[in-house]
Amino acid sequence: MAEPWQDTTLPAHLRAADLLARMTTEEKTAQLSSVWIGTETDAGGTTDVAPGQHAYAARSAALDALLPYGLGHLTRPFGTVPVEPAEGAARLADLQRTIRTGNRFALPALVHEECLTGFTAWQATIFPTPLAWGATFDPALITEMAQAIGTSMRAVGVHQGLAPVLDVVRDPRWGRTEEAIGEDPYLVGTIGTAYVRGLQAAGIVATLKHFAGYSASRAARNHAPASLGPRELADVLLPPFEMAVRDGGARSVMPAYNDIDGLPAHAHARLLTELLRDQWEFSGTVVSDYYGVSLLEEAHRVVQGEGDAARLALAAGVDVELPAARCFSPADPLPEELLDRAALRVLAQKCELGLLDPDWEPATSGTHVQLNPPHMRELARVVAEESVVLLANDSGVLPLDDGLRIALLGPLAHEQAAMLGCYTFPRHVGVHHPDLPIGVDVPTLAQALRTEFPGAVFVEDPAGADVCLAVVGDRSGLFGRGSSGEGCDAEDLRLPYGQAGVLDEAMACGAPVVIVVLGGRPYALGRWAGRAAAVVEAFFPGQEGGGAVAGVLSGRVEPSGRLPVAVPRSPGGQPAPYLAPPLGRHGFPSTVDPTPLYPFGHGLSYTSFAWGQPHCAATEFTTEGETSFRMTVRNTGERPGTEVVQLYLHHPVGTVALPEVRLVGYARVPLEAGASAEVHATFPADLAAYTGADGRRVVEPGALELRVAASSACVHHTVPLTLTGTAREVGHERRMRCEIRVEHDGVMAAPTGRPAGQAQGTSHVLPAP
């Protein structure tokens with residue numbers, strides 16, 4: 001007869017509680033532990049993909065020592081060293097059988113991997129980096145992408161993905177800007193939530209990171225302290241996490257490496273327990289960032305000894321120590337009540353994933369494991385194409401005709417690295433295996449251009465060229481092994497590697513110059529403003545990125561990306577003034593003008609659009625109410641194109657200094673030449689809420705402006721609104737979205753203009769929020 005914890009008809013929390021009651025202290029502690037196999041391959045430490053990886057790995061518990069008690073997590077069996085997908089799946093299945101036979105309850109480990117730009121495994125599809133997701137302004141597409149990624153992970157035995165990154169960019173000098181979605185909390189929240197929904201629909205636990213304040217570090221230095229006021233934390237950095245927990249049903253959260261006003265996030269009970277669990281009602285697991293518990297002792301120095309670090313983190317709300325067991329150890333007992341609390345959460349999550357079911361077996365994919373199938377390559381192509389941003393085209397040089405003599409300048413035009421973010425397998429792990437093939441086809445921009453323009457003549461000497469393509473940007477890497485990526489922070493926003501010289505050389509050639517930027521952060525381009533014929537930006541667009549950029553240059557792809565972060569005019573102009581109150585913008589008190597060259601939300605098309613006058617249902621409504629409006633957008637050009645309608649909120653007066661504008665809604669509007677569509681938006685008063693001086697989030701009566709715009713600085717229409725009634729405090733139950741729909745001839749448009757993808761094979765779909 002099956003025990004209650006094996007009864008699949010019972011709720012997960014009851015099954016987990018029954019199992020917990022049968023466990024010893026050592027078995028409970030083992031469920032909070034993890035093992036990282038493969039880190040011993042290079043004792044010299046040159047292949048670190050986590051801070052202090054090899055130093056810490058030498059002092060971590062081995063699998064054999066934990067086997068009699070079980071194991072909570074298994075760390076990155078595919079993302080540590082290269083492994084053939086079929087071989088990796090078979091090895092993982094064998095390892096799970098070993099883990100199960102080693103403990104008396106036959107419990108498997110929960111397997112986690114990175115999946116920020118697709119499954120971080122050799123031969124897996126490489127998608128654009130998250131900054132490119134933000135540039136699409138297309139949540140439905142990102143959901144489809146994430147579901148495909150999750151399905152491939154689930155097929156080979158993975159259960160949890162360490163994504164998405166929901167840090168709101170505050171200073172683009174931060175190396176991990178490429179991993180973030182953008183500099184606006186609404187964009188980050190909606191796109192990030194879309195990713196969570198897709199990943200978890202495939203049965204993979206999504207992990208929100210990094211909670212919280214990581215991107216607001218001093219001088220944009222990795223791991224540096226975050227000097228945050230409570231209002232900035234509440235209104236800028238926390239809302240994306242709240243949205244992903246509440247609306248996306250995220251099942252895991254990862255604390256950040258930084259401290260906030262001296263309190264490390266891994267020891268921050270107000271964040272991890274009072275806010276996350278008590279107020280937001282989060283019921284999943286909190287997993288440490290890699291060696292984050294150890295860093296409480298060795299970096300933050302708030303404890304002495306590994307045992308005290310474990311107790312401090314556990315009390316704050318950390319449930320699992322990743323990536324290896326160092327501090328959570330039965331040899332240094334943890335408080336029983338806290339141990340039971342964390343172990344219950346881990347067991348409940350394993351139950352949700354089916355790992356406690358009596359008939360559970362490890363995934364066996366046979367000899368045919370395809371991690372880069374055609375439908376995923378197609379998705380990678382669409383995401384890349386939608387993310388390319390046309391910043392300038394003043395001379396109308398774009399799109400380019402075939403048959404031209406094209407000067408192609410800059411070494412990045414010939415490098416695959418220009419397409420790949422720091423969490424892609426080739427840049428994350430593959431660089432340490434120089435003889436290893438990259439695993440997937442990643443055309444360079446030069447290769448893609450030769451395919452796109454078969455009749456063109458490409459030269460590297462500018463003399464006599466009809467047009468010059470000057471390609472600049474980044475090489476991603478980790479901890480100083482690149483110009484962008486984790487641990488690759490910048491002192492300023494000058495182009496790295498002396499690439500300003502590439503642009504200066506191009507400007508001197510006499511031909512029209514098209515600047516193409518391929519990278520992980522925006523760089524200052526004001527020095528060449530007005531001199532370049534056109535500027536195109538793509539944020540590490542993945543394996544299909546070369547074709548996407550070439551397609552935009554030729555006009556085969558209609559540009560529709562919009563900037564998720566502003567492009568600065570000068571190298572010292574960071575952070576850009578988006579989300580800044582009036583005194584954070586250009587004005588007489590300072591000689592420094594921080595106005596960006598290209599603002600947040602900016603992006604051009606090869607066609608033109610006319611925006612009709614908005615028709616508002618009510619311009620006056622209560623602080624508990626809502627209003628709606630509709631507006632017609634027409635393609636007045638001769639080519640198809642996609643306009644991105646953006647809604648910004650402006651408070652003429654507030655009880656505290658507020659941002660001049662902030663995004664509260666958006667919609668992509670694809671239109672054939674001459675066609676029109678009607679955009680319908682519902683604006684709830686809750687979206688006007690902000691945190692006041694007393695720490696309460698309130699909706700206040702008074703005047704508002706809803707700005708209907710093509711970017712944060714390009715406003716087509718202003719809709720004056722008035723909120724009536726009394727000030728109203730709002731909390732976690734507030735409405736956080738402006739619902740927008742697009743109708744073509746009275747029929748609601750598909751979110752991406754293409755059918756939604758379906759997960760392949762079976763999956764264990766996680767419970768809805």
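Only this structure's heavy atoms are used, side chains among them; waters, hydrogens and symmetry mates stay out. Small disclaimer: the values here were computed from a predicted structure and weren't measured.
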Any donor-acceptor pair under 3.5 Å from [X] side chain to [Y] backbone:
X      : Y      : answer
Ser252 : Thr285 : yes
Tyr186 : Cys738 : yes
Lys350 : Pro108 : yes
Ser387 : Thr136 : no
Arg521 : Thr177 : no
Arg251 : Val205 : no
Ser215 : Val168 : yes
His210 : Asp167 : no
Gln200 : Gly249 : yes
Ser288 : Leu322 : yes

Next item on the list: Answer yes if the ring centres of Trp133 and Phe127 are under 6.0 angstrom apart, and no otherwise.
Entry: no

Taking all non-hydrogen atoms of both residues, which atom of [X] and which atom of [Y] are closest, and how far apart?
X      : Y      : result
Ile204 : Val158 : CD1-O, 3.1 Å
Cys115 : Ala163 : SG-CB, 3.8 Å
His266 : Pro255 : CE1-O, 3.5 Å
Val644 : Ser560 : CG2-O, 3.9 Å
Leu272 : Gly317 : CB-CA, 4.2 Å
Leu355 : Ala109 : CD1-O, 4.1 Å

Hey, what do you get for [atom1] ([X]) to [atom2] ([Y]), rounding to the nearest 0.5 Å?
X      : Y      : atom1 : atom2 : result
Leu663 : Leu647 : CG    : CG    : 7.5 Å
Phe241 : Leu276 : CZ    : CG    : 10.0 Å
Arg197 : Asp247 : CZ    : CG    : 6.0 Å
Thr151 : His375 : OG1   : NE2   : 7.0 Å
Phe600 : Gln646 : CZ    : CD    : 6.5 Å
Ile149 : Thr120 : CD1   : OG1   : 9.0 Å

Checklist line | With sequence neighbours excluded, residues passing side-chain hydrogen bond (donor to acceptor under 3.5 Å, both in side chains) with Asp319 | finding: Arg277, Arg345

Side-chain heavy atoms of [X] within contact of [Y], under 4.5 Å:
X      : Y      : result
Phe78  : Val83  : yes
Leu74  : His159 : no
Lys209 : Asp289 : no
Tyr648 : Ser712 : yes
Val645 : Val742 : no
Tyr257 : Tyr290 : yes
Met736 : Pro684 : no
Met376 : Val440 : no

Note to self: Using a strict threshold of under 4.0 Å (side-chain N to carboxylate O), is an ion pair present between Arg662 and Asp235?
What the structure shows: no

Next item on the list: Indicate yes or no: does Arg427 engage Glu114 in a salt bridge with an N to O separation below 4.0 Å.
Entry: no

Notebook entry, point to check: Do Trp36 and Thr80 pass the side-chain hydrogen bond (donor to acceptor under 3.5 Å, both in side chains) test, and can you show the C-alpha distance, the side-chain angles, and the key distance before you say yes or no?
Noted result: CA-CA 9 Å; Trp36 194 357; Thr80 301; 2.7 Å; yes

Check: Could you walk me through whether Leu420 and Ile126 pass the side-chain contact (heavy atoms from CB on, under 4.5 Å) check?
Finding: CA-CA 8 Å; Leu420 307 176; Ile126 300 173; 3.7 Å; yes

Checklist line | Partner of Gln543 by side chain to side chain donor-acceptor pair (under 3.5 Å), out of Thr125, Thr424, Asn372, Asp441 | finding: Asn372

Checklist line | Candidate pair Leu379 and Leu141, rule side-chain contact (heavy atoms from CB on, under 4.5 Å), full reasoning | finding: CA-CA 8 Å; Leu379 270 173; Leu141 177 61; 4.1 Å; yes

Next item on the list: Take Thr207 and Gln160 through the test side-chain hydrogen bond (donor to acceptor under 3.5 Å, both in side chains) and record every step on the way to the result.
Entry: CA-CA 7 Å; Thr207 308; Gln160 181 167 354; 2.8 Å; yes

Notebook entry, point to check: How would you list all residue pairs meeting salt bridge (charged side-chain N to carboxylate O under 4.0 Å, His left out) that involve residues 176-196, not counting sequence neighbours?
Noted result: Arg176-Glu179, Arg176-Glu486

Next item on the list: Determine, stepwise, if the pair Trp280 / Leu238 fulfils side-chain contact (heavy atoms from CB on, under 4.5 Å).
Entry: CA-CA 11 Å; Trp280 294 357; Leu238 290 179; 4.3 Å; yes

Margin query: salt bridge (charged side-chain N to carboxylate O under 4.0 Å, His left out), that's the test. Do Arg562 and Glu386 meet it? Break it down for me.
Written below: CA-CA 9 Å; Arg562 300 295 184 266; Glu386 287 196 7; over 6 Å; no

Next item on the list: Test Val517 against Leu391 for side-chain contact (heavy atoms from CB on, under 4.5 Å), laying out the working first.
Entry: CA-CA 10 Å; Val517 186; Leu391 296 179; over 6 Å; no

